[in-house]
Amino acid sequence: MQIYTKKSLIEKLQEIRQKGWILNTRPGNDGGIGNTLEDLLGIKENNLPIPNAAEWELKTQRLNTTSLVTLFHLEPSPRALRIVSNILLPKYGWRHKEAGRKYPIGEMSFRQTISGDRRSDRGFKVVVDRNAKKVLISFDASAVDPRHKQWLQSVKQRAGLGELDPQPYWGFNDLKHKAGTKLLNCFLVLAECRRDEKGQLWFRYSKIYILESFSLDGLLKGLEEGFVFIDFDARTGHNHGTKFRLRRNMLPCLYQKVTEI
DNA sequence: GGTACCTGGAT
DNA sequence: TATCCAGGTAC
C-alpha cells in the first residue's frame with residue numbers, strides 16, 4: 001500500500017496525466033474510472049473511516065457526465081433498525097424494472113435522490129434541523145405525484161400515509177466525523193473516455209484540481225439549498241448504501257481553497 | 001454470508 | 001434536472 005505526501009501525489013498524478021490514454025482495468029463496473037486510477041497510484045479502495053492516501057481523498061469522474069459526485073456513504077440512524085432494508089425498501093419500495101428478468105420475480109427497488117429544497121415526486125424530502133442537530137428524512141403523502149397513485153395506494157396498505165416512523169436521520173456529529181476524516185482534503189481528477197474497436201474502455205486523466213479544507217456547514221447549506229443530495233440506492237438483493245452526493249461543479253463550494261494543477 | 005462501506009454510472 | 005442504476009470489498 002503506497003503512502004503519499006501531498007507533494008508526491010501531485011507529482012504522481014501529473015505523471016499519469018502525461019501518459020495519455022490508459023486502459024480500464026475494471027470492465028463492467030461504473031467505478032472503473034476511479035478504480036483504474038487507484039490501481040495506477042498503488043492504493044486500495046478504502047473501506048475504513050480513514051482517508052485514501054495520507055490525509056487526501058481522491059475523486060474521479062468522466063468529463064462528459066452530468067452524474068452526481070459521491071461524497072461518502074453513511075447509513076441513517078437509528079442504525080440498529082437497518083431502516084433502509086427493513087422499512088424503506090419493503091414498505092415504500094416498488095417493483096424493480098428488471099424483476100422477473102435480470103432479478104427474481106419479487107425484486108423491489110428503493111432508489112431516491114432527494115434534497116431539502118423540494119419534495120421528490122414520491123413525497124420525500126431532506127430536513128436540516130439545526131436545533132436537534134440532525135438531518136432527517138421526511139415523507140408527505142400529499143406531495144406524491146399522481147403518476148405514482150398506484151404506488152401510493154400500496155404504501156397506504158403497507159405503512160399508512162403518515163410521516164415516516166421512525167424518521168431516518170444523521171446526527172451533525174456523525175456527519176462531521178465522517179467528513180472530517182474522509183473528505184478534509186480532496187483531489188478531483190476528471191478524465192476523457194473512449195471505447196476502441198474491441199469495445200474496450202480507455203481513460204485520459206486530464207484535469208486535476210486540489211480542494212482543501214472541507215466545510216460541514218457548506219454541506220448542510222447545500223442540503224437546504226438543494227445542491228447536495230441524499231441518495232438511497234437499494235434493491236432487494238443489494239443495498240448499495242445511502243450516499244451524500246452533489247453536482248460536480250458544486251464540489252469546490254464545499255472547500256475553502258481550490259487549485260488547478 | 002450479510003451489512004455497510006467503496007468505486008462510480010445513464011437517460 | 002430528477003429518477004433511475006452498476007460491480008466490488010472489509011469485516
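Per chain, numbering begins at 1; letters A, B, ... match sequence-line order.
- Taking side-chain N and O atoms only, A:His73 has a distance below 4.0 Å to OP1 or OP2 of B:dC6.
- A sub-4.0 Å separation between OP1 or OP2 of C:dA2 and a side-chain N or O of A:Arg247 is present.
- Counting only distance, with no hydrogens or angles, the side chain of A:Trp202 and the backbone of A:Glu192 share no donor-acceptor pair below 3.5 Å.
- Between the side chains of A:Asp140 and A:Ser142, at least one donor N or O lies within less than 3.5 Å of an accepting N or O.
- Looking at which nucleotide of DNA chain B each of A:Gly241 and A:Ile33 is closest to, the 5′-most match is held by A:Gly241.
- Nucleotides B:dG1 and B:dC5 have their C1' atoms positioned 16 Å apart, rounded to a whole Å.
- Close to C:dT3, at under 4.0 Å from its OP1 or OP2, lies no side-chain N or O of A:Lys97.
- Contact check on A:Asp117 versus A:Lys125 returns no salt bridge, with no Lys/Arg side-chain nitrogen under 4.0 Å from an Asp/Glu carboxylate oxygen.
- Using a 30° and 60° split on the angle between ring planes, A:Tyr255 and A:Phe214 fall in the perpendicular class, above 60°.
- Taking atom CD of residue A:Glu57 and atom P of nucleotide B:dC6, one finds them 8 Å apart after rounding to whole Å.
- Within 4.0 Å (heavy atoms only), A:Arg245 reaches at least one base atom of the nucleic acid.
- Distance from the side chain of A:Lys182 is smallest for B:dC6 among the nucleotides C:dG7, C:dC4, B:dC6.
- OP1 or OP2 of C:dA6 has at least one side-chain nitrogen or oxygen of A:Arg235 nearer than 4.0 Å.
- Using a 4.0 Å heavy-atom distance criterion, A:Leu68 is classed as making no nucleic acid contact.
- Near DNA chain B, meaning a heavy atom under 4.0 Å away, the residues from residues 75-92 of chain A are A:Glu75, A:Arg79, A:Arg82.
- A:Thr70 comes within 4.0 angstrom of a base, heavy atoms only.
- In this structure, A:Arg235 is not positioned above the aromatic face of A:Phe110 in the sense of NZ or CZ being under 6.0 Å from the six-membered ring centre and within 45° of the axis.
- With hydrogens and angles disregarded, no donor-acceptor distance shorter than 3.5 Å links the side chain of A:Arg26 to the backbone of A:Asn35.
- As judged by a 4.0 angstrom heavy-atom cut-off over every strand, A:Thr242 is placed among residues making no nucleic acid contact.
- Ring centroids of A:Phe187 and A:Tyr209 are separated by 6.0 Å or more, keeping the two rings apart.
- The shortest distance between the side-chain N/O atoms of A:His96 and the OP1/OP2 oxygens of C:dC5 is below 4.0 Å.
- Between the P atom of B:dG8 and the CZ atom of A:Phe229 lies a distance of 19 Å, rounded to the nearest Å.
- Distance, A:Ile114 CD1 to C:dT3 P: 10 Å, rounded to whole Å.
- Under the 6.0 Å distance and 45° angle rule, A:Lys182 does not count as a cation-pi partner of A:Phe72.
- At a threshold of 4.0 angstrom between heavy atoms, the contacts of A:Lys243 include nucleobase atoms, whether or not backbone atoms are also involved.
- An OP1 or OP2 oxygen of C:dA2 is reached within less than 4.0 angstrom by no side-chain nitrogen or oxygen of A:Ser120.
- Looking at the side chain of A:Phe72, the nearest of the listed nucleotides B:dG9, B:dC6, C:dA6 is B:dC6.
- Mapping A:Asp121 and A:Gly28 onto DNA chain C by nearest heavy atom places A:Asp121 at the nucleotide closer to the 5' end.
- A cation-pi arrangement, defined by a distance under 6.0 Å to the six-membered ring centre and an angle within 45 degrees of its axis, is absent between A:Arg111 and A:Trp94.
- The distance between atom CD1 of A:Ile43 and atom P of C:dG8, rounded to the nearest whole Å, is 20 Å.
- In terms of position along DNA chain B, the nucleotide closest to A:Gly32 lies nearer the 5' end than the nucleotide closest to the other residue of the pair A:Asn64 and A:Gly32.
- Regarding contacts with the backbone of C:dC5, a side-chain N or O of A:Arg111 is found under 4.0 angstrom from either OP1 or OP2.
- Look at A:Gln112 and you'll find a side-chain N or O under 4.0 angstrom from OP1 or OP2 of C:dC4.
- Under 4.0 angstrom from either OP1 or OP2 of B:dA10 there lies at least one side-chain N or O belonging to A:Arg62.
- Regarding A:Asn249, its CG atom lies at a distance of 12 Å from the C1' atom of C:dT1, rounded to whole Å.
- With hydrogens and angles left out, the side-chain atoms of A:Ser138 and A:Glu163 include a donor and acceptor closer than 3.5 Å.
- Side-chain atoms of A:Ser67 come within donor-acceptor range of the base of B:dA10, with a qualifying N/O pair under 3.5 Å.
- A:Asn239 comes within 4.0 angstrom of a nucleotide base, judged by non-hydrogen atoms across all strands.
- A sub-4.0 Å separation between OP1 or OP2 of C:dA6 and a side-chain N or O of A:Arg26 is absent.
- Among the protein residues, A:Gly31 comes within range of the nucleic acid bases, having at least one heavy atom under 4.0 Å from a base atom.
- To the nearest angstrom, P of B:dA4 lies 13 Å from CH2 of A:Trp170.
- At least one side-chain nitrogen or oxygen of A:Ser109 sits closer than 4.0 Å to the OP1 or OP2 atom of C:dC5.
- For A:His240 and C:dG7, a side-chain-to-base donor-acceptor distance below 3.5 Å is present, hydrogens and geometry of angles not being considered.
- With rounding to whole Å, A:Asp145 atom CG is found 11 Å from C:dC4 atom P.
- When rounded to the nearest whole Å, the span between CZ of A:Phe124 and C1' of C:dC4 equals 15 Å.
- Nucleic acid contact class of A:Tyr103 (heavy atoms, under 4.0 Å, all strands): sugar-phosphate only.
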